[in-house]
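By convention in this document, chain letters (A, B, ...) are assigned in the order of the sequence lines, proteins followed by strands, and residues within each chain are numbered from 1. These numbers were taken from a predicted model, which means no experiment stands behind them.
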Amino acid sequence: MIGKKTTSKAIIFIFALLAEWNGIIAAETQQCQSAPTTNIYFSNGVNNTFTETVASATAIAIAYYERLQSNNPDEKLHFGVAYNYSRGAADILEVFGQKIEENGGSPSGLTAIQYLRIIEFGEKLEIADPLLDTLLNAYIEIQKVRYFRIGTTENHVQKYRTDLLEGDRVIIFAHSQGNLFSNEAVETVTNANPEYTNSIGIIGVGSPANRVIGTNTYITAHDDRVIDALRITHDVLPSNIDNDPGIFNDHRDLPNHNFLKSYFASELEPAYAGGETLPSRGWIDTTFFILFNNLVHSDSVLGDGAIKVTLEWGFEPDLDLHVYEPNGAHVYYSNLRGISGFLDLDDVTSFGPEHYFVSCDTLEEGTYRVGVNYYWGSNPETARVQITTADGRTQTTQKTLSIAVGSSGDNNPIAIANIVVSKNSDGTYIFR
Amino acid sequence: MAKGFKHFAFIFTLLLTFLYVPNVFAELTIGNYSLQSKERISRYEYSYTYKADITNTSDTVKNAAAIVSSVSVKTKVIENSLSFGDVGAGDTITSSDNFTIIHDRRIPFDPNNLSWEITADPSIDGNAALEGIDSDNDGVRDDVQTFITERYPSNINSKLALRQLANAYQEALIAVSNNNQEDVNISLGKISSATQCILFTTKNIEDTRLIESKMMNTIERVRAYEEVNALASGQFFGINLDLESTCIR
């Protein structure tokens with residue numbers, strides 16, 4: 001009887017949510033809207049595929065967009081993915097294959113890929129399979145090794161810094177290893193520019209970190225098996241929430257670690273958390289809205305627009321950003337203003353950023369050619385050019401430049417990328 | 001009136017008999033419908049039950065099946081699926097079961113309101129190569145296409161959304177195997193859009209995981225997919241707040 005009651009309540013709740021988030025389709029495209037902006041990113045953890053990460057960011061947008069927009073009609077909201085790759089499933093599948101062979105085959109007849117799906121996404125296993133626990137332990141061991149191999153966070157630093165220089169606010173949902181990336185990136189940005197401390201924040205979820213940055217907070221479930229395993233060998237923040245929805249150590253996904261299944265309990269999951277709101281979701285909602293209400297917009301130093309290009313580099317004295325516009329204008333330090341864009345930051349004192357932007361009003365169809373000239377320096381230098389387009393995508397290209405060529409390179413900069421702008425039949429722009 | 005209906009029924013049967021509907025497998029066609037029974041349902045409506053033949057003009061396929069749908073409210077599909085089993089090259093086989101439609105005879109029957117989606121497994125090993133087998137060259141591997149049709153037999157938008165993601169994955173795998181980073185970047189945008197389209201259309205995140213799992217079903221494909229993911233690393237992608245616009249329909 002109690003079970004029945006719970007089920008019907010859950011169904012009503014799910015349908016209420018479905019009805020609510022259908023409304024997102026009515027949202028006007030914000031492609032070229034100029035307004036104070038809050039960027040809300042999802043920074044993923046180990047072994048998350050690109051698709052799962054996009055799905056997580058979409059779930060966050062669906063959960064919060066309408067309420068935020070309704071309460072903050074003058075705010076431009078941008079939801080996005082800050083994708084981090086770590087070596088993923090192929091190695092795990094090989095290990096699983098070996099384990100299956102060692103154990104004389106799979107008791108339930110499952111393939112390595114099917115086991116992986118059960119472990120990562122909580123797919124149901126119809127019969128008891130003692131091999132599953134062996135494979136889960138192997139999975140966790142592999143994850144442990146990967147966690148602390150932090151790759152470059154330079155792209156994240158550059159992106160967050162550019163957002164802040166443009167006057168935006170930044171909120172990062174950091175899941176799992178994404179906490180390590182985000183901590184490092186935010187610390188780098190705020191150490192260099194302490195005035196940004198109140199404009200960027202992290203919501204840590206399932207965190208393997210041993211600290212939080214500034215006043216940021218985190219949540220880790222007591223039964224998160226991945227973080228638990230890390231804690232045995234590493235200095236990891238303590239778990240701080242009982243996230244078990246039932247009384248029998250019920251699991252959300254097998255390791256109780258997946259962002260959508262085990263923490264966010266997304267409306268997009270068919271039967272998330274048995275239809276009940278997880279304690280972690282309540283915490284995430286509260287923390288997010290507090291952060292959203294408390295963060296302040298940084299002072300806008302750089303222009304915003306449909307195309308934004310930033311150049312940063314290492315330690316040599318001077319690199320220069322060059323852009324050839326579709327109309328033929330060549331924009332660089334000696335010609336700051338083109339016909340459609342503007343080089344509003346030409347850095348000559350440090351290591352970037354240099355910044356070029358095209359406002360929505362002056363955007364042209366055609367090809368914007370982006371290049372870099374190594375103007376002054378004595379060692380090989382790496383240019384890091386980040387291009388953001390109004391469709392929300394930011395791509396970073398790194399190019400190593402061997403020798404400085406001074407002004408002789410001004411008319412022949414090293415090609416970095418082409419941005420091809422065209423128009424859809426509905427008037428929106430496409431960027432390639 | 002009775003004579004008029006007989007005339008209509010004759011034309012109806014004739015149209016069905018000669019109707020060959022374009023379908024997803026270019027080499028497999030459904031036709032030669034044979035009426036098994038008909039029954040008056042109401043004053044204006046009759047139900048018609050048919051068997052049909054499948055003709056294979058290409059290589060042998062396994063487990064051929066077909067699902068019929070109608071876009072007209074005046075022609076309702078009651079039993080929509082036909083099974084044919086294995087079909088050899090050049091063979092024509094009659095379905096082992098029937099499909100049934102109800103038609104309102106006040107409106108002339110329009111065969112264009114019925115369409116068939118045919119699925120079959122390739123008889124050769126579709127997992128032998130990275131790209132697999134895509135018999136109809138629509139950018140979606142046959143095995144994945146079959147899975148999608150089985151998962152959403154009659155919901156066209158859901159089917160399209162899942163196919164959009166499968167197609168984006170296929171492009172990404174081929175681009176990475178060709179070492180074409182620019183095309184991988186383009187396909188990453190398509191994967192992102194298709195993922196959002198599925199969440200808009202089916203509202204079920206499991207669909208994205210299932211397509212990913214069905215597409216990356218060999219170590220070779222998993223490895224190629226990891227390269228795709230690696231190329232996405234450090235990049236930022238926006239979520240389109242107009243989710244419906246992410247769907248290609």
Side-chain angles (χ1 to χ4, degrees), chain A residues 18 21-22 24-30 41 49-55 57-62 65 77-90 93-94 97 113-114 117 120-121 123 151-152 154-156 159 260 266-270 388 391-396 426 428 432, chain B residues 165 168-169 172 181-189 191-247:
Chain A
L18 290 177
W21 60 262
N22 266 328
I24 202 167
I25 64 166
E28 260 183 44
T29 177
Q30 296 188 328
Y41 298 114
T49 62
F50 176 64
T51 305
E52 181 77 6
T53 308
V54 170
T58 308
I60 290 168
I62 286 169
Y65 172 70
L77 301 166
H78 169 240
F79 292 85
V81 165
Y83 185 64
N84 313 301
Y85 168 77
S86 57
R87 284 178 65 82
L93 290 175
E94 279 186 3
I113 286 180
Q114 286 171 315
R117 286 184 52 73
E120 286 200 330
F121 299 132
E123 275 191 5
T152 174
E154 293 157 337
N155 295 353
H156 297 239
K159 177 61 178 157
L260 287 171
S266 168
E267 292 85 338
L268 296 163
E269 294 286 359
T388 299
D391 55 5
R393 186 159 177 179
T394 298
Q395 280 184 264
T396 306
D426 63 1
T428 55
R432 287 187 65 177
Chain B
L165 182 58
Y169 279 141
Q181 189 164 342
E182 192 182 337
D183 280 358
V184 173
N185 275 327
I186 291 168
S187 60
L188 280 168
I191 292 170
S192 174
S193 291
T195 301
Q196 294 169 64
C197 173
I198 286 179
L199 300 185
F200 169 76
T201 307
T202 75
K203 299 174 176 55
N204 185 348
I205 214 160
E206 185 61 16
D207 284 325
T208 66
R209 295 171 183 151
L210 283 169
I211 294 300
E212 191 175 54
S213 167
K214 296 291 172 193
M215 284 297 298
M216 316 310 160
N217 63 343
T218 66
I219 280 286
E220 185 188 11
R221 289 170 186 156
V222 169
R223 287 211 181 281
Y225 184 47
E226 290 198 353
E227 282 185 54
V228 173
N229 283 295
L231 287 168
S233 198
Q235 292 196 47
F236 289 72
F237 294 81
I239 301 303
N240 193 333
L241 294 172
D242 179 5
L243 284 179
E244 189 173 15
S245 71
T246 58
C247 298

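- Using a 4.5 Å cut-off between heavy atoms, Leu188(B) contacts chain A through both its backbone and its side chain.
- The part of Thr218(B) that comes within reach of chain A is its backbone (N, CA, C, O), which places non-hydrogen atoms under 4.5 angstrom from that chain.
- Rounding to the nearest 0.5 Å places OG1 of Thr58(A) at 13.0 Å from CZ of Phe200(B).
- Scanning both residues, Ala61(A) and Ile239(B), for their nearest heavy atoms gives CB-CG2, 4.1 Å.
- Between Ile191(B) and Val54(A), every side-chain heavy-atom pair lies at or beyond the 4.5 Å cut-off.
- For the options Ser245(B), Gly238(B), Gly189(B), heavy-atom pairs under 4.5 Å to chain A are most numerous at Gly238(B).
- The structure places CD of Gln196(B) at 9.0 Å from CD1 of Ile62(A), a figure rounded to the nearest 0.5 Å.
- If you measure heavy-atom distances from Asn185(B) to chain A, the contacts under 4.5 Å come from both the backbone and the side chain.
- From Glu52(A), atom CD reaches atom CZ of Arg209(B) across 4.0 Å, with rounding to the nearest 0.5 Å.
- Ring centroid separation for the pair Phe236(B) and Tyr41(A) comes in under the 6.0 Å cut-off.
- Looking at Ser192(B), both its backbone and its side chain come within 4.5 Å of chain A, counting heavy atoms on both sides.
- Using a 4.5 Å heavy-atom cutoff, the side chains of Thr51(A) and Tyr225(B) are in contact.
- Using modelled atom types, no side-chain atom of Asn229(B) and backbone atom of Thr49(A) make a donor-acceptor pair closer than 3.5 Å.
- Ranked by heavy-atom pairs under 4.5 Å with chain B, the list Ala59(A), Ala82(A), Gly97(A) is led by Ala82(A).
- Separation of atoms OH (Tyr85(A)) and CD (Glu227(B)) is listed at 8.5 Å; rounding is to 0.5 Å.
- Two residues are said to be in side-chain contact when any heavy atoms from C-beta on lie closer than 4.5 Å; Leu93(A) and Met216(B) fail this criterion.
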